[in-house]
Colleague: 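Just passing along the structure, written as structure tokens.
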Protein chains: 2
Amino acid sequence: MHTDAGLKKMLPANIEIRDYLAGLIKQSRLKQNERLPSERELVEQFKSTRITVRDALSKLESEGLIYRSNRRGWFVSPPRLEYDPSSRVNFYLLAEQQQRTPATELISQKRIKGPQAARTALAVAADEKLIELVRLRSLDGRPVLYEFIYLPESRFPELMKKDLEGSLTTLMQRDYNVEITHEDNRICVSAVYDQVADALSHINGAPCLEIRRIRYEGERKAVEFDIEHWVHSAIELRIPSH
Amino acid sequence: MHTDAGLKKMLPANIEIRDYLAGLIKQSRLKQNERLPSERELVEQFKSTRITVRDALSKLESEGLIYRSNRRGWFVSPPRLEYDPSSRVNFYLLAEQQQRTPATELISQKRIKGPQAARTALAVAADEKLIELVRLRSLDGRPVLYEFIYLPESRFPELMKKDLEGSLTTLMQRDYNVEITHEDNRICVSAVYDQVADALSHINGAPCLEIRRIRYEGERKAVEFDIEHWVHSAIELRIPSH
DNA sequence: CAGTGGTCTAGACCACGAT
DNA sequence: TCGTGGTCTAGACCACTGG
């Protein structure tokens, strides 16, 4: 009979499966964006159950080693995009600097009251509407960022007639003469639900990296409020400080 | 027979349970650090199973609304600590500014070779040893941060005889005349295992916010390399940029 | 259509925390 | 010792993806 008696600590099955798969990935036996064996195949291989296998997979997901694509399977994560929020490099340039292929899809554009957090940040009058842009951004075809952008209508007339899938910073500068002087970023680990989860191919309640940002032109005048939901395994922030 | 026919989308049970508990928390019917009903009580209440209840709980954990304390239960998260890595405010001061009670426990101190990442960052000679400090930091009695600190022995003689539970920045400044000129922070969502998970009362593979930091005195001379594992619901980063 | 992951049922045993 | 969460068994049905 098999026993580990005293040789090494007996590991729970979920950790053994995790370690096995993590090993394959670190040795590059599984390459980036390659699909893992299906959950049921892993059940067979480890003589275990789907609960346990899925537990192992979600641990690997938490670590950022793998990601899921809705009902298609589990895949090996490519390297994280390095992102410095304090630099003014836009998404396209950033991606290309790191040999990745970026894409942006405009999900919706609306004139709305908007969430209270946005109204407060932008200090708009009670009757003024905001423009809400919702965009999905991808790297190499994999969705990685779902963002909500709020702008005061009065500062950006005719905005909704423009091309809103490119760099917003460039557009604001070129067409509205906006120079961002500084910004305030808040970063935390949060979770995605509903439309956000769906768009990012995540399940409801999966963890994400959330960045909330206020951009200013001039000392006090806020002109943009964003909420970004990043697939957590897709990004690493770099914050140099002096 | 009960039906939602057309009135609203039928929600999966895990989401219903999540929404119910999230509601209690947001209405402050459950207060910060208060224990939630046990998993088995929730199973009874919702006529569901532990798998489903735990699924709901881990979603709330991902969002940062609740945290777990190993085999004691689930608790409502207090507000996040706001932390600006670019400021030189130390942990004690930071906590007290936000009306929290900080504590530090030195888990271990060793002279070792250390991980390759630390040796590279600190650019030490092949035969030089590093000092490794492992510390656990708490807020109001709840562990929130498990950190590994690596320092070049040559720069900090006799370090291990000193009080290592206070502010390291202050100690380095006072006893070794170190002035930090700049630093490089890398932030990502990762996962905790083994000793780190245990100390933070987490399960293996739970998500955390990981900060890796290199501190410099002078343009190029690295004097400290840290890896911080934060309980993700305990912290929000603030990054102002100019 | 077959195969995938997403969700769920109805239990079980274990290690550890509080007392 | 009792109650807690941590782990696990052995299935099931569903919605969606891809060919």
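Reminder, nothing fancy here: chain letters follow the sequence lines and each chain counts from 1.
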Colleague: Answer with yes or no whether the side chains of A:T104 and A:E165 bring together a donor and an acceptor at under 3.5 Å.
Modeller: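 Short answer, no.
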Colleague: Could you give the side-chain donor-acceptor pairs of residues 196-204 of chain B under 3.5 Å, partners two or more places apart or in another chain?
Modeller:
residue: B:S201; atom: OG; partner: B:N70; partner atom: N; Å: 2.9
residue: B:N204; atom: OD1; partner: B:D194; partner atom: N; Å: 2.7

Colleague: For the residue pair B:W230 and B:Y146, is the inter-centroid distance of their aromatic rings smaller than 6.0 Å?
Modeller: no
Colleague: B:L42 CG to D:dG3 P: how many Å, rounded?
Modeller: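 Result: 17 Å.
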Colleague: Do any pairs count as a salt bridge (Lys or Arg N to Asp or Glu O under 4.0 Å) and have a residue in residues 107-118 of chain A, sequence neighbours left out, and if so which ones?
Modeller: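 Of all non-adjacent pairs touching residues 107-118 of chain A, those that pass salt bridge (Lys or Arg N to Asp or Glu O under 4.0 Å) are A:R111-A:E153.
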Colleague: With sequence neighbours left out, write down each residue that passes salt bridge (Lys or Arg N to Asp or Glu O under 4.0 Å) with A:R213, or none if nothing qualifies.
Modeller: A:E183, A:D226, A:E228
Colleague: Specify whether A:F75 and A:Y67 have parallel, tilted or perpendicular ring planes, treating 30° as the upper limit for parallel and 60° as the lower limit for perpendicular.
Modeller: parallel
Colleague: Run the side-chain donor-acceptor check on residues 18-25 of chain B: report pairs under 3.5 Å with partners two or more places apart or on a different chain.
Modeller:
residue: B:R18; atom: NH1; partner: B:E63; partner atom: OE1; Å: 2.9
residue: B:R18; atom: NH1; partner: B:E63; partner atom: OE2; Å: 2.6
residue: B:Y20; atom: OH; partner: B:Q45; partner atom: NE2; Å: 3.2

Colleague: With distance as the sole test, does B:E96 use its side chain to make a donor-acceptor pair with the main-chain N or O of B:T101 at under 3.5 Å?
Modeller: no
Colleague: Which parts of nucleotides 4-10 of chain D does protein reach within less than 4.0 Å, heavy atoms only, written one letter per nucleotide 5' to 3' as B for base, S for sugar-phosphate only and - for none?
Modeller: SBBBBBB
Colleague: Can you give me the bend angle of the helix from C:dC1-D:dG18 to C:dA18-D:dT1? Use the axis through the first five pairs and the one through the last five, nearest 10 degrees.
Modeller: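 Here the local axes at opposite ends form an angle of 10°.
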